[in-house]
Amino acid sequence: MIDLLLLFIPFFALVLLGWVAARRGVVPIDGIGSLNSFVLYFGLSAMVFRLSASGALMQEGLLGLLLAYGLAGSVVTALALIWAVRAGLVRRDGGLVALVTAFPNTGFLGLPLLTGLLGPQAAGPVAATLIVDVLLLSSLCLAWAHSHAAQDAPGDDPQEVWHAVQASLKGALRNPLLWSMAVGMAFAALHWHLPKPVDETVRLLGLSATPTALFTLGAILARAQMQPLHVEVAMPGIQVPAVLKLAVHPMLVCALGWGLHRAGVTLTDAGLLTVTMAAALPSASNVSMLAEREGANTTLVARVILWTTACALVTVALWAHLLGVQAALATT
């Protein structure tokens with residue numbers, strides 16, 4: 001357990017540096033959006049393209065892993081929506097809270113952390129989970145958020161909900177990580193290669209993704225902490241989405257993956273370990289900016305991100321310990 005914590009410290013130290021830089025004004029709050037854009041459109045996109053072009057997304061049993069991961073994420077989303085309704089949140093806020101509960105920080109934290117923990121073979125399953133998170137979960141949660149028909153009261157028109165699903169799916173398809181993944185897979189299937197100068201440029205951008213993403217994550221968390229808490233949001237209520245994210249989500253992925261494997265679905269033990277660890281990650285930081293764009297309660301969403309990230313150093317290490325990652329490390 002101590003060895004795992006020591007392994008995680010450098011990653012969370014970069015997050016802490018970004019947090020301190022934003023809190024002390026070294027990084028202007030208004031500039032955090034530009035950092036995020038660089039990471040999303042350049043650094044992480046380059047990293048995902050290179051992973052896809054290397055054939056990392058063509059591993060055996062990947063579809064079975066995505067099935068287990070998608071089913072678990074759908075259950076967590078449903079549980080978060082039930083909590084949101086019982087907490088009295090309007091659909092706009094409830095949809096974004098459900099999304100931040102089910103969407104792990106795969107890009108900014110998961111890819112660098114889990115490939116460092118489990119080895120380069122973990123990159124494919126981790127990157128592939130973005131397909132479920134962006135196309136399925138984001139579309140469902142945003143459809144719920146949009147189905148209030150621009151009112152604070154929920155709407156029940158099925159046609160309205162269907163239009164909201166279509167609009168949300170179109171928005172998800174504009175995600176640059178999905179496009180870089182698709183282009184990379186096409187390169188791998190066709191055995192294409194970039195010209196040497198272009199490939200070197202993409203490689204350098206990919207190398208910048210990890211430190212910049214973690215630093216930006218810290219700055220985003222600092223910005224969230226500096227936002228005043230809405231009086232109607234009680235801190236104990238934030239514990240429910242946090243527990244769903246850090247405990248229930250990975251437990252469901254592991255259990256469903258084991259059940260599917262027993263039922264004859266092809267998936268590997270190493271792959272199941274990887275997607276379980278991906279589910280144990282804290283909430284995705286970019287959901288706070290999405291909540292701001294949607295006019296939702298950004299404070300509530302940001303606090304979920306803040307608390308899950310703060311607790312993740314211990315909880316992720318605990319999951320790694322329980323799943324026997326030390327043994328995996330010894331064999332890689």
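Side chains are part of it too, since the values below use all heavy atoms of this structure and drop only hydrogens, waters and symmetry mates.
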K.L.:
Among all residues two or more places apart in sequence or in another chain, which pass the salt bridge (charged side-chain N to carboxylate O under 4.0 Å, His left out) test with Asp269?
P.N.:
none

K.L.:
What pairs meet the ring pair (Phe, Tyr, Trp, His ring centres under 6.0 Å) rule with one or both residues in residues 243-266, with sequence neighbours excluded?
P.N.:
Tyr69-His249

K.L.:
Are the side chains of Ile29 and Ile32 in contact, using a 4.5 Å heavy-atom criterion?
P.N.:
yes

K.L.:
What residues, two or more places apart in sequence or in another chain, satisfy side-chain contact (heavy atoms from CB on, under 4.5 Å) together with Leu89?
P.N.:
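Partners of Leu89 by the side-chain contact (heavy atoms from CB on, under 4.5 Å) criterion, ordered by chain and then number, come out as Trp83, Ala84, Ala87, Asp93, Val97, Leu300.
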
K.L.:
Should the heavy atoms of other residues, nucleotides or ligands under 6.0 Å from CG of Leu204 be counted, would the total exceed 12?
P.N.:
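Result for CG/Leu204: enclosed.
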
K.L.:
Check whether Leu190 and Phe49 end up in the same hydrophobic cluster, where Ile, Leu, Val, Met, Phe, Trp and Tyr are linked by side-chain heavy atoms less than 4.5 Å apart.
P.N.:
yes

K.L.:
Inspect the surroundings of CD in Glu60 and state if more than 12 heavy atoms from other residues, nucleotides or ligands are less than 6.0 Å away.
P.N.:
no

K.L.:
Heavy atoms only: give me the nearest Thr274-Ala122 pair and the separation to one decimal.
P.N.:
CG2-O, 3.6 Å

K.L.:
Does Leu194 share a hydrophobic cluster with Leu205, counting links as ILVMFWY side-chain heavy atoms below 4.5 Å and allowing steps through other members?
P.N.:
no

K.L.:
List the steps, then state whether side-chain contact (heavy atoms from CB on, under 4.5 Å) holds for Leu142 with Leu96.
P.N.:
CA-CA 7 Å; Leu142 288 177; Leu96 270 298; 4.2 Å; yes

K.L.:
Does Leu66 have any side-chain contact (heavy atoms from CB on, under 4.5 Å) partners at least two apart in sequence or in another chain, and if so, which?
P.N.:
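Leu66: side-chain contact (heavy atoms from CB on, under 4.5 Å) contacts with Ala128, Val132.
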
K.L.:
Per the ring pair (Phe, Tyr, Trp, His ring centres under 6.0 Å) rule, what does the pair list look like for residues 273-303, sequence neighbours excluded?
P.N.:
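For residues 273-303, and leaving out neighbouring residues, there are no ring pair (Phe, Tyr, Trp, His ring centres under 6.0 Å) pairs at all.
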
K.L.:
Going by salt bridge (charged side-chain N to carboxylate O under 4.0 Å, His left out), name the residues that satisfy it together with Arg50, two or more places apart in sequence or in a different chain.
P.N.:
Asp199

K.L.:
Taking only residues two or more places apart in sequence or in another chain, which ones pass side-chain contact (heavy atoms from CB on, under 4.5 Å) with Val265?
P.N.:
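Scan of Val265 (side-chain contact (heavy atoms from CB on, under 4.5 Å), adjacent residues dropped) gives Leu260.
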
K.L.:
Can you name the nearest heavy-atom pair linking Ala80 to Ala98, along with the distance?
P.N.:
CB-CA, 3.6 Å

K.L.:
Measure across Gly295 and Arg92 and return the closest heavy-atom pair with its distance rounded to 0.1 Å.
P.N.:
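Looking at all heavy atoms of both residues, the closest pair is O-NE, 3.1 Å.
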
K.L.:
Which other residues end up in the same hydrophobic cluster as Leu246, if Ile, Leu, Val, Met, Phe, Trp and Tyr are linked when side-chain heavy atoms come under 4.5 Å apart?
P.N.:
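The other cluster members (ILVMFWY side chains, heavy atoms under 4.5 Å, direct or chained): none.
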
K.L.:
Would you please name every residue forming a ring-ring contact (aromatic ring centres under 6.0 Å, His included) with Phe108, sequence neighbours left out?
P.N.:
none

K.L.:
Verify side-chain contact (heavy atoms from CB on, under 4.5 Å) between Leu99 and Leu290, making sure each step is shown before the conclusion.
P.N.:
CA-CA 10 Å; Leu99 181 57; Leu290 183 60; 3.7 Å; yes

K.L.:
So which residues get pulled into Val26's cluster when ILVMFWY side chains under 4.5 Å apart are joined, directly or through others?
P.N.:
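None; Val26 is a cluster of one.
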
K.L.:
Which pairs would a plain distance check flag for residues 34-47, meaning a side-chain donor or acceptor within less than 3.5 Å of a matching protein atom at least two apart in sequence or in another chain?
P.N.:
{"residue": "Ser37", "atom": "OG", "partner": "Gly33", "partner atom": "O", "Å": "3.0"}
{"residue": "Ser45", "atom": "OG", "partner": "Leu40", "partner atom": "O", "Å": "2.7"}

K.L.:
Is it possible for you to say whether Val202 and Val48 belong to one hydrophobic cluster, with membership spreading through side-chain heavy-atom contacts below 4.5 Å?
P.N.:
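No: no chain of side-chain contacts under 4.5 Å links Val202 to Val48.
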
K.L.:
Sequence neighbours excluded and cut-off under 3.5 Å, please list the side-chain donor-acceptor pairs for residues 178-189, or say none.
P.N.:
{"residue": "Trp179", "atom": "NE1", "partner": "Leu173", "partner atom": "O", "Å": "2.5"}
{"residue": "Ser180", "atom": "OG", "partner": "Pro176", "partner atom": "O", "Å": "3.1"}
{"residue": "Ser180", "atom": "OG", "partner": "Leu177", "partner atom": "O", "Å": "2.9"}

